[in-house]
Structure formats: structure tokens, C-alpha cells
K.L.:
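There's a structure below that I have some questions on.
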2 protein chains.
Amino acid sequence: MAQAQTLSRNQQIVLDIIEKAKSPLKAYSILFNVQKKGINAPQQIYRALDKLIEMGKIHKIESKNAFVACRSSDCEISKATAFSICESCEMVDEISDTKLSKYLSNFSDKKGTKFKRFNLEFFGLCKKCKIETK
Amino acid sequence: MAQAQTLSRNQQIVLDIIEKAKSPLKAYSILFNVQKKGINAPQQIYRALDKLIEMGKIHKIESKNAFVACRSSDCEISKATAFSICESCEMVDEISDTKLSKYLSNFSDKKGTKFKRFNLEFFGLCKKCKIETK
DNA sequence: TCATAATATGTTATAATATAACAAAGTGTT
DNA sequence: AACACTTTGTTATATTATAACATATTATGA
């Protein structure tokens, strides 16, 4: 099990760089950015990413194979994640909307099956890009 | 623009194999399955997949990098897709639930932004696997 | 009908993303 | 100190996806 608190050296390095970024980072771009800190191999990045995801510190944007820091408190350990993704500037925002989250967490399909986890990705233009394309 | 009707040879081959499959297919597994039909290169598969997605004939399961045939009529040209994914047997079902679809299509975030497209992936155990693990 | 634009194909090469497997070092118990 | 457990470092390789270029096929309109 992942402990609540302490991050290992590599985990901290990877988390720091993801938290500082304004948009989702890809694994190899993280790698190139931390080679000066002595991390040389993709494995080291992917291992850190896996743990950080487990801990709920970061999320993977599946449609982009990229990673963002968790800014929400709703998404209890990555069980319920929602993002808006700008198709123009690629910006990603985490959506934390209690109503939405509850609606989806309680959703059951036609067979009555409930699910323990979901990931939702919305696509459109962010406010900035909408104005610019006018 | 994608035409409404006709599929090209390669598109038809790729669609056929995806439609026959019971679970999502990966690009390279499609490739291996159609080499006897004279398709030799990944490009040929990815090009067909891209067009089929445009036409709404298939969907990509982003969390699995795999492709399924569209079984729904709700998801007008892939603008609104939802799937349930079994974490045990990897089975994927397309969810076509008008209420869910409307709810999400009308969703707007805290800034009032609406989105023109979404993809939702639920994870859990399918009925079959739930019984087996009891 | 023929020219021309658009779409689809075939092919080689390579980029980008991710995991396997193994050896060693560090950390936290009891 | 002995033990389990996690993390690290490293090399190699698997998997997923695109670039770039040449050719063929198929609309479509003048």
C-alpha cells in the first residue's frame, strides 16, 4: 500500500516538475527535464508516475498520455476524475464539481451495475481560445 | 469531410475485424490479423482507424489504446461516448443512456464553458467477473 | 471525356510511449 | 543483526504511433 505521506527522492522530483507545469507533461519530457538531477532512464520516471497516481497526487490524461498534478479534493485517490481539455491550446483543467461527481459515482448502467471508478474528459475551446478565434 | 456511406477496401477490412471482435482490438493485433489480406504496415491500419473514428463507426478506448465498433446511435459521430470497462476480464461495453448523455452534453464548468465533445470511461467488475470473484 | 482535385494505398524508416528483468542500495521493523 | 519491503539504477526491448514520399484510385466538373 502507498503510505499517506512521504515521497521518495525520485517521486518528489517528478511531482515537483509536474506541479510547476502549466499544462500536462509527458513522461519523456519529464525525463529530459530531470536528467541533470541524475535520472537517466524512462523506468525511473514511469515508476515514480505510477506511485504518484496511486497516491492521488497526479492524474493521467489518457487521451494525451500526459500527466497533471491533482488540484482537487473531490477525486479521492483518483477514483473519480474529470477534466476539460482545450482542443486548440491543449490546456487541461481539472473539473471538481460535486454534483457531477456524485451523479457519476452513483451512475449504474442498464444491468444495474455500479462502477468504482471513472474518468471523464471533456473537449472544447477554453475561454481564451474561444475569444481568439472570433 | 468523411462521406456518409462508402468505405474503402482497407477501411472495410479493418471495420469487419473490429466488429467481429468481442473485446477492444489494438492496432497491431489488427495488423497481424490482416496480413494475409495484403496489409503489411501499421500506417495502413492507423489510417483506416482514423477515418473510421471520424465517421463514427468505431471508438477508441483511450485508457487501453484499443478500438471497438460503435453499437450505439446516441453518440452522434463520436461527440459523446461512454464506456464501462471490466478491470478483470477487460471487457468493454458502450453505454448508451440518453439521460447520461444529455446531462454531460449540457454540462458547463464553473466558468460557464460548455464542451462540444466528451469521453467517459467507467471502471469496475462486469457482472460475470463479480460473480466469479465471490 | 479528360483533366484535375481529392482520397486512398503501399512502403520504408523512425519517433514516441511503455515495460521486462535483474542487481544493488536504502528504510523500517523486530 | 536479520528480515521484509520499497526504491533505485541500468540495459534491453516491446508497444504504440507518425513522417515522408511515391503511386494508384475515385469522384467531379468543364
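The structure presented is a predicted model; accordingly, all values stated were derived computationally and were not measured. Letters A, B, ... are given to chains in the order of the sequence lines, protein chains preceding strands, and every chain is numbered from 1. These values consider heavy atoms only, across backbone and side chains, with no hydrogens, waters or symmetry-generated copies.
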K.L.:
Please report, rounded to the nearest Å, how far the P atom of D/dT26 is from the CZ atom of B/Arg9.
P.N.:
12 Å
K.L.:
Can you tell me how far C1' of C/dA8 sits from CD of B/Glu54, to the nearest Å?
P.N.:
13 Å
K.L.:
State which of D/dA17, D/dA12, C/dT9 makes the closest approach to the side chain of A/Pro42.
P.N.:
D/dA12
K.L.:
Under 4.0 Å between any heavy atoms, over every strand shown, what does A/Lys60 touch: base, sugar-phosphate, or nothing? Just pick one.
P.N.:
sugar-phosphate
K.L.:
Taking CD from B/Gln44 and P from D/dA24, how many angstroms apart are they, rounded to a whole number?
P.N.:
15 Å
K.L.:
Could you state the atom-to-atom distance from CD of A/Gln43 to P of C/dC22 in whole Å?
P.N.:
13 Å
K.L.:
Tell me the bend of the helix from C/dT1-D/dA30 to C/dT30-D/dA1 as the angle between end helix axes, each from five pairs, rounded to the nearest 10 degrees.
P.N.:
40°
K.L.:
Do any side-chain atoms of residues 109-120 of chain B form donor-acceptor pairs under 3.5 angstrom with protein atoms, and if so which ones, sequence neighbours left out?
P.N.:
| from | atom 1 | to | atom 2 | distance (Å) |
| --- | --- | --- | --- | --- |
| B/Asp109 | OD1 | B/Lys111 | N | 2.9 |
| B/Asp109 | OD1 | B/Gly112 | N | 3.1 |
| B/Asp109 | OD1 | B/Thr113 | N | 2.9 |
| B/Lys110 | NZ | A/Ser96 | O | 2.6 |
| B/Lys111 | NZ | A/Asp93 | OD2 | 3.2 |
| B/Lys114 | NZ | B/Asn106 | O | 3.4 |
| B/Lys116 | NZ | A/Glu87 | OE1 | 3.1 |
| B/Arg117 | NE | A/Glu87 | OE2 | 3.4 |
| B/Arg117 | NH2 | A/Glu87 | OE2 | 3.3 |
| B/Asn119 | OD1 | B/Thr81 | OG1 | 2.8 |
| B/Asn119 | ND2 | B/Glu121 | OE2 | 3.0 |

K.L.:
Would you list the pairs meeting side-chain hydrogen bond (donor to acceptor under 3.5 Å, both in side chains) in which at least one residue belongs to residues 13-41 of chain B, sequence neighbours left out?
P.N.:
B/Gln12-B/Asp16
K.L.:
Which ones in residues 10-17 of chain B lie close to DNA chain D, meaning a heavy atom under 4.0 Å from one of its atoms?
P.N.:
none
K.L.:
Rounded to whole angstrom units, what separation is found between the OH atom of B/Tyr46 and the P atom of C/dT9?
P.N.:
17 Å
K.L.:
Expressed as a whole number of angstroms, how long is the span from A/Ile45:CD1 to C/dA16:P?
P.N.:
16 Å
K.L.:
Apart from A/Val68 itself, what residues make up its hydrophobic cluster when side-chain heavy atoms of I, L, V, M, F, W and Y under 4.5 Å apart count as a link, directly or indirectly?
P.N.:
A/Ile61, A/Phe83, A/Ile85, A/Val92, A/Phe123
K.L.:
Which residues within residues 23-36 of chain A lie with some heavy atom under 4.0 Å of an atom in DNA chain C?
P.N.:
A/Lys26, A/Tyr28
K.L.:
Once you round it to whole Å, what is the distance between C1' of C/dT11 and CD1 of B/Ile39?
P.N.:
13 Å
